[in-house]
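Every value quoted in this text rests on a predicted model; they were computed, and no experiment measured them. In what follows, chains carry the letters A, B, and so on, assigned in the order in which the sequence lines appear, proteins first and then strands, with residues in each chain numbered from 1.
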2 protein chains.
Amino acid sequence: MILKSQVEWALHCCAILAGLPDGRYLSTKALAEFHGLPKEYLSKALQSLSQAGFVHTSLGPSGGYRLAKTPAELTFLDIVEAVEGKSRTFVCNNIRANNPCRPSGYCESSPCAVARVMWEADEAWRQKLRSVRLSDLVETLAKDIPADLWKSSFEWVLERAG
Amino acid sequence: MILKSQVEWALHCCAILAGLPDGRYLSTKALAEFHGLPKEYLSKALQSLSQAGFVHTSLGPSGGYRLAKTPAELTFLDIVEAVEGKSRTFVCNNIRANNPCRPSGYCESSPCAVARVMWEADEAWRQKLRSVRLSDLVETLAKDIPADLWKSSFEWVLERAG
DNA sequence: AAAATAAAGATATTTAATATCCTTAATAGA
DNA sequence: TCTATTAAGGATATTAAATATCTTTATTTT
(Lines give C-alpha, C1' and ligand atoms only; values in the text may rest on other atoms or scores of the structure.)
Protein backbone atom coordinates (compact mmCIF):
# COMPACT_ATOMS: atom_id res chain seq x y z
CA MET A 1 0.00 0.00 0.00
CA ILE A 2 1.74 3.12 -1.23
CA LEU A 3 0.30 6.56 -1.86
CA LYS A 4 0.25 7.85 -5.42
CA SER A 5 3.30 9.88 -6.37
CA GLN A 6 0.79 12.55 -7.40
CA VAL A 7 0.34 13.24 -3.67
CA GLU A 8 3.99 14.22 -3.41
CA TRP A 9 3.70 16.32 -6.56
CA ALA A 10 0.61 18.15 -5.35
CA LEU A 11 2.19 19.01 -2.01
CA HIS A 12 5.31 20.42 -3.64
CA CYS A 13 3.25 22.35 -6.19
CA CYS A 14 1.10 23.87 -3.46
CA ALA A 15 4.24 24.91 -1.60
CA ILE A 16 5.40 26.77 -4.69
CA LEU A 17 1.98 28.32 -5.30
CA ALA A 18 2.01 29.48 -1.67
CA GLY A 19 4.88 31.79 -2.53
CA LEU A 20 3.19 33.26 -5.58
CA PRO A 21 2.24 36.96 -5.25
CA ASP A 22 -1.46 37.80 -5.21
CA GLY A 23 -3.21 37.71 -8.56
CA ARG A 24 -0.50 35.82 -10.39
CA TYR A 25 -0.83 32.36 -11.89
CA LEU A 26 1.65 29.56 -12.52
CA SER A 27 1.12 27.10 -15.37
CA THR A 28 1.30 23.32 -15.34
CA LYS A 29 4.22 23.65 -17.71
CA ALA A 30 6.23 25.74 -15.25
CA LEU A 31 5.34 23.51 -12.29
CA ALA A 32 6.27 20.39 -14.24
CA GLU A 33 9.55 21.86 -15.40
CA PHE A 34 10.46 23.12 -11.92
CA HIS A 35 9.91 19.69 -10.38
CA GLY A 36 11.05 17.57 -13.31
CA LEU A 37 7.65 15.93 -13.72
CA PRO A 38 5.59 14.77 -16.72
CA LYS A 39 3.44 17.77 -17.59
CA GLU A 40 0.37 15.89 -18.81
CA TYR A 41 0.17 13.64 -15.81
CA LEU A 42 0.92 16.37 -13.30
CA SER A 43 -1.99 18.19 -14.91
CA LYS A 44 -4.32 15.48 -13.57
CA ALA A 45 -3.16 16.12 -10.01
CA LEU A 46 -3.68 19.86 -10.44
CA GLN A 47 -7.13 19.20 -11.83
CA SER A 48 -7.91 17.28 -8.65
CA LEU A 49 -6.84 20.27 -6.57
CA SER A 50 -9.00 22.48 -8.76
CA GLN A 51 -12.04 20.23 -8.40
CA ALA A 52 -11.57 20.22 -4.65
CA GLY A 53 -11.59 24.00 -4.71
CA PHE A 54 -8.10 24.47 -3.31
CA VAL A 55 -6.73 26.25 -6.37
CA HIS A 56 -8.15 28.76 -8.82
CA THR A 57 -7.38 28.49 -12.49
CA SER A 58 -7.07 30.94 -15.32
CA LEU A 59 -7.06 30.16 -19.03
CA GLY A 60 -5.06 31.54 -21.89
CA PRO A 61 -1.50 32.80 -22.07
CA SER A 62 -0.37 33.88 -18.61
CA GLY A 63 -2.96 31.51 -17.19
CA GLY A 64 -2.39 28.69 -14.75
CA TYR A 65 -2.98 28.05 -11.07
CA ARG A 66 -2.98 29.98 -7.84
CA LEU A 67 -4.11 28.98 -4.35
CA ALA A 68 -7.78 29.53 -3.58
CA LYS A 69 -7.01 29.84 0.15
CA THR A 70 -4.19 31.14 2.26
CA PRO A 71 -1.43 28.63 3.07
CA ALA A 72 -2.60 28.70 6.69
CA GLU A 73 -6.06 27.57 5.63
CA LEU A 74 -4.80 24.54 3.73
CA THR A 75 -3.71 21.35 5.49
CA PHE A 76 -1.76 18.35 4.32
CA LEU A 77 -4.95 16.36 4.64
CA ASP A 78 -6.77 18.70 2.25
CA ILE A 79 -4.17 18.17 -0.41
CA VAL A 80 -3.66 14.45 0.18
CA GLU A 81 -7.39 13.79 0.07
CA ALA A 82 -7.88 15.92 -3.02
CA VAL A 83 -5.47 13.72 -4.94
CA GLU A 84 -5.79 10.36 -3.22
CA GLY A 85 -9.48 10.45 -2.46
CA LYS A 86 -11.27 10.51 0.86
CA SER A 87 -12.06 6.83 1.20
CA ARG A 88 -10.50 4.90 4.02
CA THR A 89 -7.32 2.88 3.53
CA PHE A 90 -8.93 -0.23 4.97
CA VAL A 91 -11.94 -1.79 3.29
CA CYS A 92 -14.02 -4.17 5.37
CA ASN A 93 -15.38 -7.08 3.35
CA ASN A 94 -17.27 -8.27 6.39
CA ILE A 95 -15.96 -11.79 6.11
CA ARG A 96 -17.43 -12.59 9.51
CA ALA A 97 -20.72 -12.88 7.64
CA ASN A 98 -19.37 -16.07 6.03
CA ASN A 99 -19.19 -17.86 9.38
CA PRO A 100 -20.92 -21.20 8.67
CA CYS A 101 -22.40 -21.25 12.18
CA ARG A 102 -24.43 -18.13 11.67
CA PRO A 103 -28.17 -18.42 11.67
CA SER A 104 -29.45 -17.30 8.28
CA GLY A 105 -30.94 -13.84 8.47
CA TYR A 106 -28.61 -12.87 11.29
CA CYS A 107 -27.62 -9.23 11.01
CA GLU A 108 -24.75 -7.40 12.70
CA SER A 109 -25.52 -4.45 14.92
CA SER A 110 -22.13 -2.77 14.56
CA PRO A 111 -19.23 -2.67 12.11
CA CYS A 112 -16.70 -5.47 12.44
CA ALA A 113 -14.26 -5.06 15.33
CA VAL A 114 -11.33 -5.53 12.99
CA ALA A 115 -12.53 -2.70 10.78
CA ARG A 116 -13.15 -0.43 13.75
CA VAL A 117 -9.53 -0.66 14.84
CA MET A 118 -8.19 -0.26 11.31
CA TRP A 119 -10.40 2.78 10.85
CA GLU A 120 -9.19 4.31 14.09
CA ALA A 121 -5.64 3.96 12.83
CA ASP A 122 -6.69 5.53 9.55
CA GLU A 123 -8.20 8.39 11.51
CA ALA A 124 -4.97 8.85 13.50
CA TRP A 125 -3.15 9.16 10.18
CA ARG A 126 -5.63 11.75 8.94
CA GLN A 127 -5.51 13.64 12.21
CA LYS A 128 -1.77 14.03 11.90
CA LEU A 129 -2.13 15.25 8.32
CA ARG A 130 -4.87 17.62 9.41
CA SER A 131 -2.58 19.14 12.03
CA VAL A 132 0.03 20.36 9.57
CA ARG A 133 -0.74 23.42 7.48
CA LEU A 134 0.69 24.32 4.12
CA SER A 135 2.15 27.40 5.80
CA ASP A 136 4.07 25.10 8.17
CA LEU A 137 5.48 23.23 5.21
CA VAL A 138 6.62 26.39 3.46
CA GLU A 139 8.32 27.55 6.62
CA THR A 140 10.18 24.27 7.00
CA LEU A 141 11.15 24.12 3.34
CA ALA A 142 12.62 27.60 3.59
CA LYS A 143 14.69 26.60 6.61
CA ASP A 144 15.94 23.44 4.88
CA ILE A 145 17.67 25.06 1.94
CA PRO A 146 20.21 27.91 1.64
CA ALA A 147 18.60 31.34 1.40
CA ASP A 148 20.10 32.05 -2.02
CA LEU A 149 18.64 28.87 -3.52
CA TRP A 150 15.27 29.76 -2.03
CA LYS A 151 15.55 33.24 -3.54
CA SER A 152 16.66 32.13 -7.00
CA SER A 153 13.93 29.50 -7.09
CA PHE A 154 11.27 32.15 -6.63
CA GLU A 155 12.87 34.35 -9.22
CA TRP A 156 12.69 31.40 -11.60
CA VAL A 157 9.02 30.97 -10.74
CA LEU A 158 8.16 34.66 -11.05
CA GLU A 159 9.72 34.85 -14.50
CA ARG A 160 7.18 32.26 -15.61
CA ALA A 161 4.15 33.40 -13.62
CA GLY A 162 1.42 35.17 -15.56
CA MET B 1 -4.33 3.49 -1.58
CA ILE B 2 -6.02 0.52 0.01
CA LEU B 3 -4.58 -2.25 2.17
CA LYS B 4 -4.55 -5.77 0.80
CA SER B 5 -7.59 -7.81 1.73
CA GLN B 6 -5.10 -10.34 3.06
CA VAL B 7 -4.61 -7.99 6.01
CA GLU B 8 -8.25 -8.42 6.96
CA TRP B 9 -7.99 -12.18 6.48
CA ALA B 10 -4.87 -12.48 8.62
CA LEU B 11 -6.44 -10.52 11.48
CA HIS B 12 -9.57 -12.65 11.50
CA CYS B 13 -7.53 -15.84 11.28
CA CYS B 14 -5.35 -14.79 14.20
CA ALA B 15 -8.46 -14.07 16.22
CA ILE B 16 -9.62 -17.62 15.62
CA LEU B 17 -6.21 -19.09 16.35
CA ALA B 18 -6.21 -17.13 19.60
CA GLY B 19 -9.09 -19.29 20.82
CA LEU B 20 -7.41 -22.56 19.91
CA PRO B 21 -6.42 -24.74 22.90
CA ASP B 22 -2.71 -25.30 23.52
CA GLY B 23 -1.00 -27.76 21.25
CA ARG B 24 -3.74 -27.88 18.64
CA TYR B 25 -3.45 -26.75 15.04
CA LEU B 26 -5.93 -25.38 12.54
CA SER B 27 -5.45 -25.92 8.83
CA THR B 28 -5.64 -23.42 6.00
CA LYS B 29 -8.59 -25.40 4.72
CA ALA B 30 -10.58 -24.90 7.93
CA LEU B 31 -9.67 -21.20 8.17
CA ALA B 32 -10.62 -20.63 4.54
CA GLU B 33 -13.90 -22.46 4.94
CA PHE B 34 -14.79 -20.64 8.15
CA HIS B 35 -14.22 -17.23 6.58
CA GLY B 36 -15.39 -18.05 3.06
CA LEU B 37 -12.00 -17.31 1.52
CA PRO B 38 -9.97 -18.82 -1.33
CA LYS B 39 -7.81 -21.45 0.35
CA GLU B 40 -4.77 -21.14 -1.90
CA TYR B 41 -4.54 -17.41 -1.62
CA LEU B 42 -5.26 -17.31 2.10
CA SER B 43 -2.36 -19.73 2.38
CA LYS B 44 -0.02 -16.97 1.20
CA ALA B 45 -1.15 -14.68 4.02
CA LEU B 46 -0.64 -17.46 6.55
CA GLN B 47 2.81 -18.10 5.12
CA SER B 48 3.61 -14.44 5.74
CA LEU B 49 2.57 -14.82 9.37
CA SER B 50 4.73 -17.93 9.60
CA GLN B 51 7.76 -16.20 8.08
CA ALA B 52 7.31 -13.36 10.54
CA GLY B 53 7.36 -15.89 13.38
CA PHE B 54 3.87 -15.14 14.67
CA VAL B 55 2.47 -18.60 14.03
CA HIS B 56 3.89 -22.10 14.28
CA THR B 57 3.07 -24.69 11.70
CA SER B 58 2.75 -28.42 11.68
CA LEU B 59 2.70 -30.71 8.66
CA GLY B 60 0.67 -33.77 7.82
CA PRO B 61 -2.88 -34.73 8.68
CA SER B 62 -4.00 -32.81 11.76
CA GLY B 63 -1.37 -30.19 10.91
CA GLY B 64 -1.94 -26.49 10.39
CA TYR B 65 -1.31 -23.32 12.32
CA ARG B 66 -1.27 -22.14 15.90
CA LEU B 67 -0.11 -18.87 17.41
CA ALA B 68 3.57 -18.65 18.31
CA LYS B 69 2.83 -16.05 20.99
CA THR B 70 0.03 -15.28 23.38
CA PRO B 71 -2.74 -13.00 22.04
CA ALA B 72 -1.53 -10.32 24.47
CA GLU B 73 1.91 -10.39 22.88
CA LEU B 74 0.62 -9.84 19.34
CA THR B 75 -0.45 -6.42 18.11
CA PHE B 76 -2.43 -5.32 15.09
CA LEU B 77 0.77 -3.78 13.77
CA ASP B 78 2.57 -7.13 13.95
CA ILE B 79 -0.06 -8.78 11.83
CA VAL B 80 -0.58 -5.89 9.43
CA GLU B 81 3.15 -5.55 8.81
CA ALA B 82 3.63 -9.29 8.41
CA VAL B 83 1.18 -9.27 5.51
CA GLU B 84 1.51 -5.79 4.10
CA GLY B 85 5.22 -5.29 4.64
CA LYS B 86 7.04 -2.83 6.84
CA SER B 87 7.82 -0.16 4.28
CA ARG B 88 6.27 3.25 4.69
CA THR B 89 3.09 4.21 2.88
CA PHE B 90 4.69 7.34 1.45
CA VAL B 91 7.66 7.08 -0.86
CA CYS B 92 9.75 10.20 -1.31
CA ASN B 93 11.08 10.59 -4.83
CA ASN B 94 13.00 13.65 -3.77
CA ILE B 95 11.67 15.75 -6.59
CA ARG B 96 13.16 18.86 -4.97
CA ALA B 97 16.43 17.60 -6.46
CA ASN B 98 15.06 18.49 -9.91
CA ASN B 99 14.90 22.19 -9.06
CA PRO B 100 16.60 23.84 -12.05
CA CYS B 101 18.11 26.53 -9.81
CA ARG B 102 20.16 24.07 -7.81
CA PRO B 103 23.89 24.24 -8.07
CA SER B 104 25.17 20.96 -9.45
CA GLY B 105 26.66 18.80 -6.73
CA TYR B 106 24.37 20.32 -4.13
CA CYS B 107 23.39 17.74 -1.54
CA GLU B 108 20.54 17.82 0.98
CA SER B 109 21.35 17.56 4.64
CA SER B 110 17.97 16.19 5.71
CA PRO B 111 15.02 14.29 4.22
CA CYS B 112 12.48 16.39 2.33
CA ALA B 113 10.07 18.32 4.56
CA VAL B 114 7.12 16.87 2.68
CA ALA B 115 8.31 13.33 3.36
CA ARG B 116 8.99 14.07 7.02
CA VAL B 117 5.37 15.07 7.59
CA MET B 118 4.01 12.16 5.59
CA TRP B 119 6.22 9.77 7.56
CA GLU B 120 5.04 11.25 10.85
CA ALA B 121 1.48 10.53 9.79
CA ASP B 122 2.51 7.02 8.81
CA GLU B 123 4.04 6.62 12.25
CA ALA B 124 0.83 7.83 13.92
CA TRP B 125 -1.01 5.13 12.00
CA ARG B 126 1.46 2.49 13.11
CA GLN B 127 1.40 3.71 16.69
CA LYS B 128 -2.35 3.24 16.82
CA LEU B 129 -2.03 -0.26 15.38
CA ARG B 130 0.73 -1.02 17.86
CA SER B 131 -1.53 -0.03 20.73
CA VAL B 132 -4.17 -2.68 20.07
CA ARG B 133 -3.39 -6.26 20.99
CA LEU B 134 -4.85 -9.39 19.48
CA SER B 135 -6.29 -10.11 22.93
CA ASP B 136 -8.19 -6.82 22.76
CA LEU B 137 -9.64 -7.82 19.42
CA VAL B 138 -10.77 -11.21 20.67
CA GLU B 139 -12.44 -9.56 23.64
CA THR B 140 -14.31 -7.13 21.41
CA LEU B 141 -15.31 -9.78 18.91
CA ALA B 142 -16.75 -11.87 21.73
CA LYS B 143 -18.82 -8.93 22.96
CA ASP B 144 -20.09 -8.18 19.47
CA ILE B 145 -21.84 -11.46 18.79
CA PRO B 146 -24.34 -13.54 20.76
CA ALA B 147 -22.72 -15.97 23.17
CA ASP B 148 -24.25 -19.01 21.49
CA LEU B 149 -22.84 -18.04 18.09
CA TRP B 150 -19.44 -17.54 19.69
CA LYS B 151 -19.70 -20.93 21.32
CA SER B 152 -20.87 -22.82 18.24
CA SER B 153 -18.15 -21.18 16.17
CA PHE B 154 -15.48 -22.57 18.44
CA GLU B 155 -17.10 -25.96 18.43
CA TRP B 156 -16.96 -25.83 14.65
CA VAL B 157 -13.28 -24.92 14.84
CA LEU B 158 -12.41 -27.58 17.41
CA GLU B 159 -14.02 -30.30 15.32
CA ARG B 160 -11.50 -29.46 12.61
CA ALA B 161 -8.44 -28.72 14.76
CA GLY B 162 -5.70 -31.35 14.81
C1' DA C 1 -6.25 36.19 -35.56
C1' DA C 2 -2.76 33.55 -33.10
C1' DA C 3 -0.75 31.43 -29.29
C1' DA C 4 -1.19 29.58 -24.78
C1' DT C 5 -3.81 27.64 -21.39
C1' DA C 6 -6.94 24.27 -18.31
C1' DA C 7 -10.23 20.54 -18.73
C1' DA C 8 -11.50 16.34 -19.92
C1' DG C 9 -11.88 12.15 -22.55
C1' DA C 10 -9.56 8.23 -24.84
C1' DT C 11 -6.05 5.03 -24.80
C1' DA C 12 -1.67 2.77 -23.72
C1' DT C 13 1.71 0.92 -20.53
C1' DT C 14 3.38 -0.66 -16.25
C1' DT C 15 2.93 -2.37 -11.75
C1' DA C 16 0.54 -4.38 -7.90
C1' DA C 17 -3.16 -7.26 -6.16
C1' DT C 18 -5.62 -11.33 -6.54
C1' DA C 19 -5.83 -15.48 -7.48
C1' DT C 20 -4.91 -20.69 -9.22
C1' DC C 21 -2.09 -24.63 -10.12
C1' DC C 22 1.61 -27.72 -9.36
C1' DT C 23 5.56 -29.86 -7.06
C1' DT C 24 8.06 -31.00 -2.90
C1' DA C 25 8.97 -32.43 1.77
C1' DA C 26 7.12 -33.58 6.09
C1' DT C 27 4.03 -36.12 9.10
C1' DA C 28 0.23 -38.52 11.21
C1' DG C 29 -2.37 -42.48 11.19
C1' DA C 30 -3.87 -46.99 9.21
C1' DT D 1 5.40 -49.25 5.14
C1' DC D 2 1.74 -47.07 2.67
C1' DT D 3 -1.66 -43.45 2.12
C1' DA D 4 -3.74 -39.25 2.88
C1' DT D 5 -3.06 -34.64 4.38
C1' DT D 6 -0.58 -30.80 5.23
C1' DA D 7 2.58 -26.28 4.69
C1' DA D 8 5.88 -24.17 1.59
C1' DG D 9 7.03 -22.24 -2.32
C1' DG D 10 7.49 -21.62 -7.33
C1' DA D 11 5.11 -20.70 -11.72
C1' DT D 12 1.65 -18.64 -14.08
C1' DA D 13 -2.74 -16.25 -15.09
C1' DT D 14 -6.09 -12.67 -14.29
C1' DT D 15 -7.78 -8.31 -12.70
C1' DA D 16 -7.44 -3.74 -11.07
C1' DA D 17 -4.87 0.40 -10.15
C1' DA D 18 -1.24 3.61 -11.09
C1' DT D 19 1.24 5.98 -14.46
C1' DA D 20 1.45 7.98 -18.27
C1' DT D 21 0.49 10.11 -23.28
C1' DC D 22 -2.37 12.04 -26.85
C1' DT D 23 -6.17 14.58 -28.64
C1' DT D 24 -9.98 17.73 -28.65
C1' DT D 25 -12.43 21.64 -26.84
C1' DA D 26 -13.40 26.03 -24.77
C1' DT D 27 -11.33 30.00 -23.00
C1' DT D 28 -8.42 33.98 -22.66
C1' DT D 29 -4.46 37.08 -23.41
C1' DT D 30 -1.77 39.52 -26.59
Side-chain angles (χ1 to χ4, degrees), chain A residues 1-10 13 17 23-33 35-66 68 80 82-85 87 89-91 93 95 160-162, chain B residues 1-10 13 17 23-33 35-66 68 80 82-85 87 89-91 93 95 160-162:
Chain A
M1 182 191 62
I2 292 179
L3 288 166
K4 305 190 208 184
S5 51
Q6 284 189 332
V7 168
E8 183 183 15
W9 304 356
C13 286
L17 293 178
R24 315 231 5 219
Y25 290 86
L26 196 59
S27 68
T28 308
K29 190 182 171 213
L31 285 166
E33 201 178 333
H35 293 110
L37 301 175
K39 177 165 107 60
E40 310 288 349
Y41 193 31
L42 172 62
S43 167
K44 302 295 183 185
L46 298 172
Q47 283 175 42
S48 297
L49 291 173
S50 174
Q51 282 163 6
F54 299 137
V55 297
H56 281 150
T57 69
S58 162
L59 286 178
S62 83
Y65 298 89
R66 65 175 174 82
V80 169
V83 170
E84 188 67 38
S87 59
T89 58
F90 179 85
V91 170
N93 297 111
I95 62 174
R160 286 155 183 87
Chain B
M1 183 190 65
I2 292 179
L3 287 166
K4 304 190 211 185
S5 52
Q6 285 188 333
V7 168
E8 182 184 15
W9 303 357
C13 286
L17 293 178
R24 314 230 7 217
Y25 290 86
L26 196 60
S27 69
T28 307
K29 189 182 171 211
L31 286 165
E33 201 178 332
H35 294 111
L37 301 175
K39 176 166 109 57
E40 309 287 350
Y41 194 30
L42 172 62
S43 167
K44 303 295 183 184
L46 297 173
Q47 282 174 41
S48 297
L49 292 173
S50 174
Q51 283 162 5
F54 298 137
V55 297
H56 280 151
T57 67
S58 161
L59 286 177
S62 83
Y65 297 89
R66 66 176 173 82
V80 170
V83 170
E84 188 68 38
S87 58
T89 58
F90 178 85
V91 170
N93 297 113
I95 62 174
R160 286 156 182 85

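- Rounded to a whole Å, the CE atom of A:Met1 is 17 Å from the C1' atom of D:dA16.
- The phosphate of C:dA6 (OP1 or OP2) has a side-chain N or O of A:Thr28 nearer than 4.0 angstrom.
- Nearer the 5' end of DNA chain C, as judged by each residue's closest nucleotide, is the contact made by A:Ser27, out of A:Ser27 and B:Ile2.
- Separating the NZ atom of A:Lys44 from the P atom of D:dT23 is a distance of 14 Å, rounded to the nearest angstrom.
- B:Gln51 has no side-chain polar atom (N or O) that falls below the 4.0 Å cut-off from OP1 or OP2 of D:dA8.
- Between the NZ atom of A:Lys4 and the C1' atom of D:dA20 there is a distance of 13 Å, given to the nearest Å.
- Under a 3.5 Å cut-off, the side chain of B:Gln6 and the backbone N or O of B:Tyr41 do form a donor-acceptor pair.
- In this entry the distance linking OH of B:Tyr41 with P of D:dG9 reads 16 Å, nearest Å.
- Looking at B:Arg24, its side chain does come within 3.5 Å of a backbone N or O of B:Ala161 through a donor-acceptor pair.
- Side-chain contact between A:Leu37 and A:Trp9: present, with at least one pair of heavy atoms (C-beta onward) separated by less than 4.5 Å.
- A 4.5 Å side-chain heavy-atom check between A:Glu8 and B:Asn93 finds at least one atom pair inside the cut-off.
- B:Ser50 comes within 4.0 angstrom of sugar-phosphate atoms only, judged by non-hydrogen atoms across all strands, and of no base.
- Map B:Ser5 and B:Leu59 each onto its nearest nucleotide of DNA chain C; the residue landing nearer the 5' end is B:Ser5.
- Of the two residues near DNA chain D, A:Gly60 and B:Gln47, the one whose nearest nucleotide lies more 5' is B:Gln47.
- B:Tyr25 comes within 4.0 angstrom of nothing in the nucleic acid, heavy atoms only.
- You'll find that the side chain of A:Trp9 is closest to D:dA20, out of C:dC22, D:dA20, C:dA26.
- In this structure, B:Glu8 atom CD and C:dA19 atom C1' are separated by 16 Å, rounded to whole Å.
- The interatomic distance linking B:Lys29 (NZ) with D:dA8 (P) rounds to 18 Å, in whole Å.
- Following rounding to the nearest Å, A:Leu42 (CG) and D:dT19 (P) show an atom-to-atom distance of 13 Å.
- In this entry the distance linking CD of A:Glu40 with P of D:dA20 reads 12 Å, nearest Å.
- Contact annotation: A:Gln6 side-chain N/O to D:dA20 OP1/OP2 distance is not under 4.0 Å.
- Considering only the side chain of B:Pro61, C:dT27 comes nearest among D:dT23, C:dT27, D:dA8.
- Nucleic acid contact for A:Gly162: none, since no nucleic acid atom lies under 4.0 Å from a heavy atom of the residue.
- The side-chain heavy atoms of A:Cys13 and A:His35, taken from C-beta on, include a pair separated by under 4.5 Å.
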